[in-house]
Novice: 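First the structure, which I've put down as C-alpha cells, then a few questions once you've had a look.
It should be emphasised that the depicted structure is a prediction, and the values quoted were computed from it without experimental measurement. Position 1 is the first residue of the sequence, and the numbers go up from there.
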Amino acid sequence: MSLLNKLIWQIECHMDEPLTLQLLSLRCAVNVHHMCRTFQLGTGMSIMAYIRARRLSKAARVIAGGDADILNTALAAGYGSHEAFTRAFSAYLGVPPRAVKRARDLSNLRLMEPLEMNKDMMIDVAKPEIRERGAMRVVGIGATCRSGDISGIPALWQALNARAYEIGDGPAYGVSYDMEPSGDFHYLAGMEAKGTPDGMTALDIPAHRYAVFTHDGHIADLPRTIYTIWNKALPDAGLEPAPAPEFELYDHRFDAGTGRGVVEIWVPIAG
C-alpha cells in the first residue's frame with residue numbers, strides 16, 4: 001500500500017477520534033515532514049485541511065437528515081461549541097448548519113468525499129543514487145507557494161532566465177524549502193553564486209546526504225516523477241527524507257528551449 005493510501009485509510013478509519021500529525025505519522029511509520037509532503041503532492045491540500053473538510057462534510061450529511069441536534073453534531077465533529085462549529089461550517093460550505101437542517105438538501109453543497117490516490121500519476125522511477133553534497137549558496141528569484149499551489153513557479157523561471165547573466169552560467173536549481181504542515185513552502189529558481197544582485201534572494205543550503213533521482217523526458221511530466229518519488233520510491237528504498245531544502249538540478253543535459261532532457265531531483269535523507 002502506498003504511503004498516501006495508508007494515510008487516507010488511517011484518517012477515514014479514525015475520523016471520529018482526535019487526530020494529530022504526530023499520531024498519524026506514528027501510525028504510518030513515517031516522519032511528519034515526509035507524511036505532509038507526500039499528502040500535499042498527492043492531493044494539493046494539507047492533511048489537517050482534508051480532515052476538517054471530511055468532518056464538516058460528514059456533519060452536513062447528518063444534519064441534512066433533519067433529526068440530529070446541531071450541538072451534538074458539532075461535538076462529534078470535534079468542535080467545542082455551537083458557535084465555533086457554525087463558523088467553520090459556514091466558511092467551508094457557504095451556508096449555516098441550520099439552513100441545511102431546514103432544507104434537508106445537499107445537492108448545492110461542495111462536500112469532500114474520501115480521496116483516493118491518483119494511480120495515473122504513478123510511473124516507473126529508477127532507484128536513487130546516494131550522494132553527499134557540500135554546502136552551497138543559491139541566488140535567484142523566489143516566492144511563497146501557498147497551500148502547495150505551484151502555478152506561480154514557471155513565472156519564477158522566466159524571471160530568472162531574463163536576469164541569469166547577472167549571476168553566472170552554471171547549472172540552475174529549483175529549491176523547495178521551509179515546508180509547513182499547512183502546505184505552504186518557499187521556492188527559489190536560481191544558480192550558485194556568491195553575490196546577490198538587487199531584488200534577488202540568497203539561500204544557504206547546508207552540506208547534506210541526498211537520495212538523487214533522475215527524470216528523463218519532458219518537464220511537464222516532472223510532477224509525476226516527484227509524486228512517485230514521495231509516494232513509492234522513497235519508502236521502497238527504505239529512506240526517510242530529512243526536513244531540509246530539496247532541489248531539482250538543471251544542467252547541460254536539460255534543454256530549456258524544448259523543455260526536454262535530464263533533471264535530477266535531490267531529496268535530503270536522514271541518517
Side-chain angles (χ1 to χ4, degrees), residues 4 33-34 36-46 49 118 120-123 125 136-193 196-205 210-231 233-234 241 243-268:
L4 182 57
H33 173 78
H34 187 179
C36 291
R37 184 72 169 140
T38 298
F39 195 88
Q40 181 67 55
L41 288 169
T43 69
M45 63 192 306
S46 72
N118 185 353
D120 292 338
M121 288 289 286
M122 297 292 281
I123 60 174
V125 172
M136 64 176 177
R137 169 170 288 189
V138 176
V139 175
I141 310 294
T144 300
C145 298
R146 299 293 182 189
S147 298
D149 180 6
I150 63 173
S151 61
I153 289 180
L156 299 180
W157 283 106
Q158 291 176 2
L160 176 69
N161 290 338
R163 299 185 61 188
Y165 68 92
E166 299 179 48
I167 308 173
D169 58 359
Y173 299 84
V175 188
S176 299
Y177 62 104
D178 287 351
M179 283 162 280
E180 302 290 340
S182 64
D184 294 355
F185 68 96
H186 295 287
Y187 188 89
L188 180 67
M191 303 165 68
E192 283 192 80
T196 307
D198 291 343
M200 291 193 183
T201 298
L203 176 66
D204 290 314
I205 302 176
Y210 294 87
V212 183
F213 296 87
T214 299
H215 169 82
D216 190 354
H218 198 276
I219 193 65
D221 292 325
L222 181 61
R224 297 177 68 194
T225 299
I226 295 175
Y227 181 94
T228 304
I229 287 171
W230 286 85
N231 262 294
L234 281 169
E246 63 193 68
F247 57 87
E248 306 129 31
L249 170 63
Y250 302 85
D251 59 18
H252 65 279
R253 295 169 294 173
F254 179 75
D255 185 339
T258 64
R260 293 186 176 277
V262 173
V263 179
E264 291 183 348
I265 299 96
W266 291 59
V267 181

Novice: Is I167 close to L160 at the side-chain level, that is, under 4.5 Å between some pair of heavy atoms?
Specialist: yes

Novice: Rounded to the nearest 0.5 Å, what's the gap from CG on N231 to NE2 on H34? Could you check?
Specialist: 7.5 Å

Novice: Check the surroundings of atom CG in D169: do more than 12 heavy atoms from other residues, nucleotides or ligands lie under 6.0 Å from it?
Specialist: no

Novice: Flag the pair I205 / M136 as yes when at least one side-chain heavy-atom distance between them is below 4.5 Å, and no otherwise.
Specialist: yes

Novice: Taking all non-hydrogen atoms of both residues, which atom of V267 and which atom of E246 are closest, and how far apart?
Specialist: CA-CB, 4.4 Å

Novice: Find the distance between OH (Y177) and CG (D204) and round it off to the nearest 0.5 Å.
Specialist: 11.0 Å

Novice: Measure the spacing between CZ of R260 and CZ of F254 and express it to the nearest 0.5 Å.
Specialist: 10.0 Å

Novice: Quick check for you: to the nearest 0.5 Å, what is the distance between I226 atom CD1 and D221 atom CG?
Specialist: 11.5 Å

Novice: State, to 0.1 Å, how close W157 and G174 come at their nearest heavy-atom pair, and which atoms those are.
Specialist: CZ2-CA, 3.7 Å

Novice: Determine the sole option in R37, H186, Q40 for which the side chain to side chain contact (heavy atoms under 4.5 Å, CB included) test with M179 is passed.
Specialist: R37

Novice: With the side chain counted from C-beta on, respond yes when L4 and T43 share a heavy-atom pair under 4.5 Å apart, and no when they do not.
Specialist: yes

Novice: Can you give me the closest heavy-atom contact between I219 and V263, atom names plus distance?
Specialist: CD1-CG2, 4.3 Å

Novice: I'd like to know if the side chain of T38 reaches the main chain of W230, judged simply by a donor and an acceptor atom lying under 3.5 Å from each other, with no hydrogens or angles considered.
Specialist: yes

Novice: Can E248 and H215 be said to form a side-chain contact (heavy atoms from CB on, under 4.5 Å), step by step?
Specialist: CA-CA 10 Å; E248 306 129 31; H215 169 82; over 6 Å; no

Novice: Using every non-hydrogen atom in the two residues, find where M45 and F39 come nearest and quote the distance to one decimal.
Specialist: O-CD2, 3.3 Å

Novice: So, do R137 and L203 sit near enough that their side-chain heavy atoms are less than 4.5 Å apart?
Specialist: no

Novice: Would you say that I265 contacts L222 through its side chain, given a criterion of any heavy-atom pair below 4.5 Å between the two side chains?
Specialist: yes

Novice: Nearest heavy-atom pair of S176 and F185: which atoms, and what distance?
Specialist: OG-CE1, 3.8 Å

Novice: Rounded to the nearest 0.5 Å, how far apart are OH of Y173 and CH2 of W266?
Specialist: 7.5 Å

Novice: For the CG atom of L41 and the CZ atom of R224, what is their distance to the nearest 0.5 Å?
Specialist: 14.5 Å

Novice: Kindly give the heavy-atom pair with the smallest separation between G140 and L188, and that separation in Å.
Specialist: C-CD1, 3.6 Å

